[in-house]
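See below for the structure under consideration.
As the structure lists them, so they are numbered: ligands from 1, and atoms in each ligand from 1.
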Amino acid sequence: MTSTVSVPELAIDLEGIVKQFGAHRALDGASLRVARGSVHGLVGENGAGKSTLIKVLAGIHAPDAGIIRIGGHTVADLDPSAVESLGVHFIHQDRLLAPSFTVGEALFLGREIRKGPWLDRRAMQRRAAEVIHSLFDVTLPPGARIAELNTAQQQIVQISRALLANPSVLVFDEPTASLVKREVDQLLGIIRRLRDSGLTIIYISHYLQEIEALCDAVTILRNGRDVGVVDPAATPVAEIARRMVNRDVAEMYPRHTASRGNVVLDVQGLTLDRAYDDVSLSVHRGEVVGLTGLVGSGAKALVRSLFGLESPDAGTIAIDAAPVTLRSPREAVTRGIALVPEDRRAQGIAPSLSVTENATLASLRTFSRLGFLSRVRERSAVARLIDDLAIRTPGPHALARQLSGGNQQKVALAKWLSRQSRLYILDEPTVGVDIGAKVEIYKLIATLVEGGAGVLVLSSDLQELIGICDRVAVMYRGRIARTFDAGEADSDALLACATGAHARDAHASDTGALSAFGAAQTPLAARATSSEEPTHVAI
Ligand SMILES: Nc1ncnc2c1ncn2[C@@H]1O[C@H](COP(=O)(O)OP(=O)(O)OP(=O)(O)O)[C@@H](O)[C@H]1O
């Protein structure tokens with residue numbers, strides 16, 4: 001690594017970065033200038049080059065051209081450990097924690113606490129609990145392995161790990177994608193506190209409201225180039241969106257025109273011990289039903305049961321009035337149920353298969369006759385899906401792993417949409433997807449119900465649920481606390497219901513609002529106002 005002195009007031013200064021992958025130019029002279037002590041947003045549609053630019057900064061990709069300055073020093077031949085030693089740390093989209101590690105091991109990886117020649121696991125566990133508690137005011141299950149934690153908890157471990165290294169720049173690549181609103185508020189509170197303590201933050205997100213609420217400046221990327229730097233306080237979100245996709249984003253939440261048909265999914269008294277209890281829920285044909293709840297509310301587990309991934313202990317499920325037992329996803333699929341899972345990169349796509357193969361994997365039978373695959377029908381169906389979902393791919397035969405994260409999500413979605421089903425269960429269908437593609441996905445959902453299917457959308461994006469659903473069921477502590485009809489729900493009411501605030505109003509003694517992390521806690525967003533709260537952990 002070589003270094004010379006230059007512009008001191010910028011924490012990060014990337015200038016004219018070019019990165020070519022084979023024939024594809026992912027970055028075409030992109031620049032990113034980040035003032036010290038600011039929160040700087042980076043936005044752009046799926047495939048615009050955000051992650052690639054960040055990976056160049058992280059020393060993961062070597063740029064083909066351009067200049068990188070960190071803390072005023074021009075640097076070259078970066079590798080990830082050199083970047084970390086310069087104080088730049090990353091919370092990546094793909095969470096890079098080893099699933100078999102305990103929280104302590106993950107937190108202190110590379111900086112293990114030892115007793116003589118041996119790892120002192122107990123000390124690491126204790127210290128990990130202290131650190132996480134002081135930063136986030138949460139208690140993770142003692143001795144838990146990473147694989148046993150939910151996404152929000154894993155993210156907390158990742159952020160704590162980065163903060164333990166006393167970074168000067170922290171880069172968040174879509175950090176709130178899998179968090180519910182309350183956790184998002186907590187995270188935004190933490191980021192503000194970190195900024196106020198002098199840290200520089202780069203923040204990548206598809207949620208423009210977050211960008212508006214949090215960032216001091218925003219760089220907009222389009223087709224591998226920066227096309228503007230704006231002050232989000234002075235620039236309407238719609239204008240940022242327009243500059244991202246280079247066109248006006250029309251109606252954000254297009255409504256379907258289907259009329260309500262027969263009940264396609266009827267759930268009565270469904271119970272899975274320790275997850276959900278006595279849940280009754282119906283979805284009609286021609287209807288979009290939303291389901292939401294904080295992590296631990298049971299909504300996720302309910303969806304797993306509806307797709308045969310977890311057998312309930314009691315209750316009944318009927319599809320088109322016929323009682324069914326769903327012992328496996330295969331049985332669920334046979335009954336006409338399709339699930340688009342949330343963790344699409346892990347569960348939803350085969351990275352080394354092509355876009356076409358992925359998109360048609362779940363519906364090969366549709367394209368086969370007498371055991372032969374009709375390539376023509378397959379090709380035209382895939383072309384239509386690529387077009388409908390605006391999947392940015394070099395072509396239908398490109399490997400899924402070559403696509404940007406958001407475009408991989410769209411491929412996973414395409415896979416299930418290409419299959420004719422009676423009931424579609426979509427788990428966080430628009431996480432990580434850019435604003436233009438979100439609208440396309442909402443239109444597709446409308447098309448599905450207009451074609452006579454029922455759709456159940458599990459989402460933590462309350463605006464989205466309000467925008468596209470006919471009814472929204474909110475779960476709290478394993479039960480459906482309330483089902484709202486379209487028109488009577490607003491995000492405050494949904495959130496109050498999801499956090500149990502409504503129940504607390506009724507039962508003043510119940511102070512234990514369930515949060516993502518189990519126990520009753522003080523929200524960090526509220527704590528952020530207290531100047532006594534620690535912003536860094538001293539080790
Ligand atoms: N390793 C790779 N090999 C080939 N192409 C790649 C590779 N990594 C990224 N690309 C391509 O570079 C372009 C930019 O991808 P990148 O992941 O940076 O986009 P992004 O803006 O982060 O998108 P998203 O919002 O979907 O995460 C995409 O067209 C992607 O297909």
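Remark: ligand 1 and Gly44 share no N or O pair separated by less than 3.5 Å (distance only, no angle test). Inclusion of Arg392 in the set of residues having an N or O under 3.5 Å from an N or O of ligand 1 is not warranted. The N/O atoms of Glu174, backbone and side chain alike, include none that comes under 3.5 Å of an N/O atom in ligand 1. At a 3.5 angstrom cut-off on N or O pairs, Gly47 counts as close to ligand 1.
With a 4.0 Å heavy-atom cut-off, ligand 1 is reached by no atom of Arg401. Contact annotation: for Lys55 versus ligand 1, there are no heavy atoms closer than 4.0 Å.
Not a single heavy atom of Asp434 sits closer than 4.0 Å to an atom of ligand 1. Under a 4.0 Å heavy-atom criterion, His61 is not in contact with ligand 1. For the ligand labelled ligand 1, residue Glu45 lies inside the 4.0 Å heavy-atom shell.
Neither side chain, Ser31 nor Glu15, offers a donor N or O lying under 3.5 Å from an acceptor on the other. Side-chain contact, His61 with Thr52: no donor N or O sits under 3.5 Å from an acceptor N or O.
Salt bridge annotation for Lys410-Glu440: absent, with no cationic side-chain nitrogen under 4.0 angstrom from a carboxylate oxygen. Between Glu45 and Arg392, at least one side-chain N (NZ, or NE/NH1/NH2) sits under 4.0 Å from a carboxylate O, which counts as a salt bridge.
Checked by atom type and distance alone, the side chain of Thr356 pairs as donor or acceptor with a backbone atom of Pro396 at under 3.5 Å.
Partners of Arg222 by side chain to side chain donor-acceptor pair (under 3.5 Å), not counting sequence neighbours: none found. Listed by chain and number, the residues in a salt bridge (charged side-chain N to carboxylate O under 4.0 Å, His left out) with Arg195 are Asp216 (sequence neighbours excluded).
Residue Asn46 has at least one heavy-atom neighbour below 4.0 Å for each of these atoms of ligand 1: 23 (O), 24 (P), 25 (O), 26 (O). Set against the non-hydrogen atoms of His206, the atoms of ligand 1 under 4.0 Å away are 25 (O). Close contacts between ligand 1 and Thr52 involve ligand atoms 9 (C), 14 (C), 15 (O), 16 (P), 18 (O) [criterion: under 4.0 Å to a heavy atom].
The environment of CZ in Arg192 is crowded: more than 12 heavy-atom neighbours from other residues, nucleotides or ligands sit within 6.0 Å.
With distances taken over non-hydrogen atoms, the option nearest atom 12 (O) of ligand 1 out of Ala26, Ala23, Ala398, Gly49 is Ala26.
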Q: Please report the C-alpha distance between Glu84 and Ser81 in whole Å, then the side-chain angles of each, then the deciding distance to 0.1 Å, and finally whether the side-chain hydrogen bond (donor to acceptor under 3.5 Å, both in side chains) criterion is met.
A: CA-CA 5 Å; Glu84 285 204 351; Ser81 66; over 6 Å; no
